[in-house]
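Reading through the structure tokens given below for one structure.
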Amino acid sequence: TMRAEGLSMRMMYTCVGAVCAAVAGGVFADEGPDEALRERTGGLLTAESFQPYADEAEVFGSGPYPSVYVRGSAALVFPFDTEVETISFGDDVELNSKIGVGYSVGIGLRLGPGPNPADPGVGYRFEAEYAQRFYDTDSLINDDGDTLADVDGDIEISMFMGNILFDVCNEGYRGYLGFGAGIAMVDAEIEGTSDDDTSFALQIPIGVEIRVVDNVWIDVGTRWVYIPGIDLNTDIEELSVLTADLHVGVVVEF
């Protein structure tokens, strides 16, 4: 009888010890969220302290977070001396032009590092853009910068572009660098004669965006644009375009 009672007491102590160990293990496990989050199911995720983590995981999952945005900007256009072919001076000349104006609008998809557009990290975007630029021609110059002839002309450029941009955000600011390709329609009026042509276009957007609120940003930057091989039936027979824009605009994300 004494031996049976001792065996019963040892079994009771063993069970009580197992229960206490399980309770203690649950308490300490609830203090380690990393271990709990590795197990997406189980009793620990029902603990109140883990509920915010569980809710966020269910809503957002993993990977980049998409957002749609629209943007618009106005720009000063700085044309650089551009190689041309002319009837009077051949092809060993350049076209010198005045500072012009322009604008652009775009819509895109941004894949950011977090659900909030201001979350810090690296994101990237795919963007469709329409832009126009207007500037006046001034003169023909040689390689030494000497003026050969005054040229009275107007250049109008319309562009449809597809861009990919990479950006780095630190909550208040977002810097970006990208590359774009598309088509450009160039209308030129040179010394009273008008003509137009279409060519491919390349551009490099560079800039920084300053956050106003979570989803509204002020965009300040530049776009380098290159359009080669414009054929014209004017005193200028062939024209290439190289410009740098200094723009200010607004970006709104949804």
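Positions are given from 1 along the sequence.
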Going by atom types only, do D195 and N233 share a side-chain donor-acceptor pair under 3.5 Å? no

Indicate yes or no: at least one non-hydrogen side-chain atom of D167 is less than 4.5 angstrom from one of R125. yes

For the residue pair A118 and C169, what are the closest heavy atoms and their distance? O-SG, 3.6 Å

Treat each ILVMFWY residue as a node, draw an edge where side-chain heavy atoms are under 4.5 Å apart, and state whether M159 and L165 are in one component. no

Sequence neighbours excluded, which residues qualify as salt bridge (Lys or Arg N to Asp or Glu O under 4.0 Å) partners of R71? E127, E129

Ring geometry between W224 and F80 (parallel below 30°, tilted from 30 to 60°, perpendicular above 60°): parallel

Can a donor-acceptor pair be found, under 3.5 Å and without considering hydrogens, that links the side chain of N215 to the backbone of E253? yes

What distance do M161 atom CE and F179 atom CZ have between them, rounded to the nearest 0.5 Å? 7.5 Å

Is the shortest side-chain heavy-atom distance between L239 and I155 below 4.5 Å? yes

Is there side-chain contact between V251 and R110, with at least one heavy-atom pair below 4.5 Å? no

Do W217 and V248 belong together in a cluster built from hydrophobic side chains that touch within less than 4.5 Å? no

Joint hydrophobic cluster, F254 plus V105, side-chain heavy atoms closer than 4.5 Å: no

Worked verdict on I230 versus D196 for side-chain contact (heavy atoms from CB on, under 4.5 Å): CA-CA 8 Å; I230 300 297; D196 61 82; over 6 Å; no

For the student: nearest non-hydrogen atoms of S194 and T234, plus distance: C-CG2, 4.4 Å

Check H247 against Y176 and note the closest heavy-atom contact, atom names and distance. NE2-OH, 3.4 Å

Using side-chain contact (heavy atoms from CB on, under 4.5 Å), reason through V84 and L140 one step at a time and then give a plain yes or no. CA-CA 9 Å; V84 299; L140 288 174; 3.9 Å; yes

Looking at V77 and R133, what are the two nearest heavy atoms and their distance? CG2-CG, 3.9 Å

Co-membership, hydrophobic cluster, residues Y130 and I107, 4.5 Å side-chain: no

What's the spacing between Q203 CD and T222 OG1 if we round to 0.5 Å? 10.0 Å

Check the pair V250 / D219 against side-chain contact (heavy atoms from CB on, under 4.5 Å), numbers first and verdict last. CA-CA 6 Å; V250 177; D219 177 20; over 6 Å; no

Could you pull out all residues at least two apart from E94 that satisfy side chain to side chain donor-acceptor pair (under 3.5 Å)? none

Checking the side chain of S73 only, and the main-chain atoms of G249 only, is there a donor and an acceptor separated by less than 3.5 Å? no

Is the shortest side-chain heavy-atom distance between E156 and Q132 below 4.5 Å? yes

Heavy-atom pair with the smallest gap, counting every atom of E191 and D150: OE2-O, 3.5 Å

Within a strict 4.5 Å, meaning less than it, do heavy atoms of the Y135 and I157 side chains meet? yes

To the nearest 0.5 Å, atom CG of L111 lies from atom CZ of F126 at 6.5 Å

Gap between atom CG of L148 and atom CG of N142 - 0.5 Å precision: 5.0 Å

Shortest non-hydrogen contact from I227 to S199? CG2-CB, 4.0 Å

Can you find a pair of side-chain heavy atoms, one from F78 and one from I99, that are under 4.5 Å apart? yes

I want to check something: taking the side chain as every heavy atom from C-beta on, are D245 and L76 in contact at a cut-off of under 4.5 Å? no

Is a donor on one side and an acceptor on the other found under 3.5 Å between the side chain of D136 and the backbone of K98? no

Whether over 12 other heavy atoms sit under 6.0 Å from N170 CG: yes

Are there more than 12 heavy atoms of other residues, nucleotides or ligands under 6.0 Å from atom OH of Y173? no

Value for CG (L95) from OG1 (T137), rounded to nearest 0.5 Å, stands at 5.5 Å

Would you say V220 and V252 are hydrophobically clustered, going by side-chain heavy atoms of ILVMFWY under 4.5 Å? yes

To the nearest 0.5 Å, what is the distance between CE (M185) and OG1 (T198)? 6.0 Å

